[in-house]
J.: 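Below is one structure. I have some questions about it.
The figures here come from the full heavy-atom set of this structure, side chains too, leaving out hydrogens, waters and symmetry mates. We're numbering straight along the sequence, starting at 1.
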Amino acid sequence: MTIQKQRLDITDRLVGKFGDGQLNLYLEKEKIGQMVSENNYDLKAGYEFNDNRFYQIADVVTGPDQKYVDCDYENGWC
C-alpha cells in the first residue's frame, strides 16, 4: 500500500454562488476559491484550474492493503 498525490477532476461537483460582488466556488460546503476574471480563478492550495476543468490534488491509497495480503479464502480466514 502506498499513498500517491493525484489530480481528481471535481468540475461536476463544484457550485458557484454570488456573494459580495463576486462568484465564490464551493466543493460541497467548503469555499475553495473565487472567480477573478473570465477563466482566471483564485483557488486555495490543493486546487487548480486547467483546460476548463477544476482539479483537487489529493492523497490516494494505491496497491493492496497489507493487512489482507495473506488471506486463505478457501478456508475462510484472513
Side-chain angles (χ1 to χ4, degrees):
M1 171 176 71
T2 60
I3 297 176
Q4 297 178 345
K5 296 264 186 212
Q6 287 189 357
R7 283 178 43 184
L8 305 175
D9 188 341
I10 59 169
T11 305
D12 295 334
R13 297 172 44 206
L14 282 183
V15 174
K17 295 181 183 179
F18 282 105
D20 299 328
Q22 61 191 9
L23 178 65
N24 297 308
L25 300 173
Y26 293 85
L27 178 61
E28 296 171 5
K29 295 185 180 199
E30 178 187 1
K31 182 179 174 184
I32 66 161
Q34 62 194 26
M35 182 177 191
V36 177
S37 62
E38 186 174 344
N39 289 328
N40 187 8
Y41 300 90
D42 181 23
L43 302 173
K44 289 173 65 173
Y47 297 93
E48 63 182 46
F49 177 75
N50 191 4
D51 293 328
N52 294 318
R53 307 295 294 177
F54 290 91
Y55 298 94
Q56 179 181 28
I57 310 303
D59 293 328
V60 177
V61 177
T62 59
D65 191 344
Q66 293 299 315
K67 63 183 174 188
Y68 298 114
V69 293
D70 292 330
C71 294
D72 182 357
Y73 296 109
E74 290 178 18
N75 293 319
W77 60 268
C78 230

J.: With sequence neighbours excluded, what pairs up with Asn50 under the side chain to side chain contact (heavy atoms under 4.5 Å, CB included) test?
T.: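 In terms of side chain to side chain contact (heavy atoms under 4.5 Å, CB included), with neighbours along the sequence ignored, Asn50 is linked to Arg7, Tyr55.
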J.: Backbone N or O of Arg53 within a donor-acceptor pair of the Asp51 side chain at under 3.5 Å?
T.: no
J.: What residues form a ring-ring contact (aromatic ring centres under 6.0 Å, His included) with Tyr47, not counting sequence neighbours?
T.: none
J.: Taking all atoms of both residues into account, what is the closest heavy-atom pair of Gln6 and Val60, and its distance?
T.: OE1-CG2, 3.8 Å
J.: Would you say that Asn24 contacts Gln34 through its side chain, given a criterion of any heavy-atom pair below 4.5 Å between the two side chains?
T.: yes
J.: Minimum heavy-atom separation for Ile57 and Glu48, please, with both atom names.
T.: CD1-OE1, 3.9 Å
J.: With sequence neighbours excluded, what pairs up with Leu23 under the side chain to side chain contact (heavy atoms under 4.5 Å, CB included) test?
T.: Phe18, Met35
J.: Distance check, rounded to the nearest 0.5 Å: Ile10 atom CD1 versus Leu27 atom CG?
T.: 4.5 Å
J.: What are the two closest heavy atoms between Ala58 and Leu8, and how far apart are they?
T.: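 In this case the closest contact between Ala58 and Leu8 is CB-CD1, 3.7 Å.
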J.: Check whether any side-chain heavy atom of Thr2 lies under 4.5 Å from a side-chain heavy atom of Val61, and answer yes or no.
T.: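 Heavy-atom side-chain distance check fails, nothing below 4.5 Å.
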J.: Once you round to the nearest 0.5 Å, how far does CG of Leu14 lie from CD of Glu28?
T.: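 CD of Glu28 is found 10.0 Å from CG of Leu14.
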J.: Please state whether the rings of Phe49 and Phe54 are parallel, tilted or perpendicular, taking 30° and 60° as the class boundaries.
T.: tilted
